[in-house]
Protein chains: 2
Amino acid sequence: MPDSLPSGRPNKRDRLISAARDAIHCHGYAATSLATIAEAADVPLGNVYYYFKTKEDLVRAVIEDHEALINATLETAAAGPTPLGRLHNFVAELRKQSEVVVEHGCPLGCLGQDLDKAGPGLENESRRLFAAQLLWFETQFREAGKGEESKALAIHMLACIQGASALCERLSSAEVLTNELDLLDGWLHQLA
Amino acid sequence: MPDSLPSGRPNKRDRLISAARDAIHCHGYAATSLATIAEAADVPLGNVYYYFKTKEDLVRAVIEDHEALINATLETAAAGPTPLGRLHNFVAELRKQSEVVVEHGCPLGCLGQDLDKAGPGLENESRRLFAAQLLWFETQFREAGKGEESKALAIHMLACIQGASALCERLSSAEVLTNELDLLDGWLHQLA
DNA sequence: GTCTATAGTTTGATAGAC
DNA sequence: GTCTATCAAACTATAGAC
């Protein structure tokens, strides 16, 4: 019988993914052991391998989880009348994460670097973390009439977000992130 | 008798630091073993501990090496008549590193994240990697008459560089980096 | 200063009882 | 599906001969 549904806590598979996501965000992929993840998820170590054949398989599920989370955020931000307004909405969503970012960095950005450094099985997965964001940004810019420039604008916007998040963590200053997001809002305003 | 000076290759200590710097840049701190570093430096594993008491000590020496390298780059860029011209010079130096960045990311940025994720002994060392750069940027902006705004401008410039480098590696596109550096040059020009 | 051998621990992964 | 016990490999670090 399945272990989830109306009952108290999520099933073991989801608990493992969630625990892996958090541990990898805090300590990095290479430094996070399956034992740590299993303990945090309250699942016996040997049982992990029933749900995920390898550590690589588990992090692949974590990537999918991140993709679902960012897609949900994009859907939230999509509730706005104008394309530039929707981009402002997304920036507003980022502001809510500043406490997490100052502590452990951007979840997507950190995992992206980890994947680029990881072995040959994972090194091409990092672009997936940013694909949805980039496409959504580009779509908004295109709808705002930016034409062929839209893709470059999307990349620039994501680069600013990633750089601001990295520096925010490195300097342990949430103000760094909020200041840079202010600049981003100003930049968007100027594009109108 | 010392193992360096006019002879062929650097002494063992410097070889270890250089090998550690490269391996950590390629594969990350946590995933890089002392055995790998020792082999690349052509030093027996047991001998590493004569020069560095722990792996942490070795990465601390790598940090100092990075600080020396970035200081040398800043000195090169400092050869210019105007402060904004010197900032343009620095951007020009960054352009020369685009092949390395697209392959393994910004050496300072990657190590910075690794240090933030590492244990309590290293997590406060990452800001040292950026301190010299930030101070030098701020000095140039101040000399350009930007006053109290100078520090914020320095942080913004470094954030743009770091975000561009990260996305350049993530998307395996050197063009991402060069495009963003073009924007940075344009931004500096506009500040004049 | 240099190097071999190895201790002691942790890791990813498996076997097999229930 | 679940869990204990454990393997084989890799790791940081040390001991001790030279």
Side-chain angles (χ1 to χ4, degrees), chain A residues 1-5 7-21 23-24 26-63 114-115 117-123 125, chain B residues 1-5 7-21 23-24 26-63 114-115 117-123 125:
Chain A
M1 129 184 160
D3 182 11
S4 60
L5 299 173
S7 93
R9 60 179 181 174
N11 63 41
K12 293 191 178 183
R13 187 172 196 276
D14 289 342
R15 260 153 51 205
L16 284 167
I17 294 172
S18 177
R21 178 167 41 74
I24 289 172
C26 289
H27 305 113
Y29 173 62
T32 300
S33 73
L34 290 172
T36 303
I37 296 169
E39 191 184 27
D42 198 25
V43 172
L45 175 57
N47 204 0
V48 173
Y49 290 89
Y50 176 75
Y51 297 99
F52 305 98
K53 214 167 54 181
T54 62
K55 190 187 180 185
E56 224 177 88
D57 268 24
L58 176 51
V59 80
R60 260 184 257 269
V62 169
I63 294 171
D114 281 356
L115 293 172
K117 303 305 179 193
L122 292 168
E123 60 184 350
E125 304 287 306
Chain B
M1 134 183 156
D3 183 12
S4 61
L5 300 174
S7 95
R9 59 181 184 175
N11 62 43
K12 292 189 178 182
R13 196 186 132 90
D14 289 342
R15 260 150 53 203
L16 284 167
I17 294 173
S18 178
R21 176 167 41 75
I24 290 172
C26 288
H27 307 113
Y29 174 63
T32 299
S33 74
L34 290 172
T36 302
I37 296 169
E39 191 184 27
D42 197 26
V43 171
L45 175 57
N47 203 0
V48 172
Y49 291 88
Y50 175 76
Y51 297 98
F52 305 99
K53 216 167 52 183
T54 63
K55 188 185 181 185
E56 223 177 87
D57 268 26
L58 175 51
V59 80
R60 258 185 257 271
V62 169
I63 295 171
D114 280 356
L115 293 172
K117 303 304 180 196
L122 290 169
E123 61 185 349
E125 303 287 307

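Numbered from 1 within each chain, the chains take letters A, B, ... in sequence-line order.
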Gap separating the OH atom of Tyr29(A) from the NZ atom of Lys117(A), nearest 0.5 angstrom
15.5 Å
Flag side-chain contact, heavy atom, 4.5 Å: Asp114(B) against Val59(B):
no
Would you indicate whether Glu39(A), at its atom CD, is surrounded by more than 12 heavy atoms from other residues, nucleotides or ligands within a distance under 6.0 Å?
no
Taking side chain to side chain donor-acceptor pair (under 3.5 Å) as the test, write out the residues that go with Ser33(A), two or more places apart.
Thr36(A)
Select one nucleotide: of dG1(C), dC3(C), dT2(D), the one nearest the side-chain heavy atoms of Lys12(B).
dC3(C)
Asp42(B) meets the side-chain contact (heavy atoms from CB on, under 4.5 Å) criterion, sequence neighbours left out, with Arg9(B), Arg15(B)
dC3(D) C1' sits how many Å from Tyr51(A) OH, rounded?
11 Å
According to side-chain contact (heavy atoms from CB on, under 4.5 Å), who are the partners of Ala31(A), at least two apart in sequence or on a separate chain?
Ala30(B)
What string of B, S and - do you get for nucleotides 7-12 of chain D, 5' to 3', when a contact is any protein heavy atom under 4.0 Å?
----SS
Pairwise N/O distances under 3.5 Å, protein to nucleotides 16-18 of chain C:
none

Can you name the residues that form a side-chain contact (heavy atoms from CB on, under 4.5 Å) with Phe52(A), not counting sequence neighbours?
Arg13(A), Leu16(A), Ile17(A), Asp57(A), Leu58(A), Ala61(A)
Nearest-angstrom distance from the residue atom CG of Asn47(A) to C1' of dA5(D):
15 Å
Arg15(A) CZ to dT2(D) P: how many Å, rounded?
9 Å
Can you measure Tyr50(B) atom OH to dT2(C) atom P for me and round it to whole angstrom units?
7 Å
Using the test salt bridge (charged side-chain N to carboxylate O under 4.0 Å, His left out), find all partners of Glu56(B) that sit at least two apart in sequence or belong to another chain.
Arg60(B)
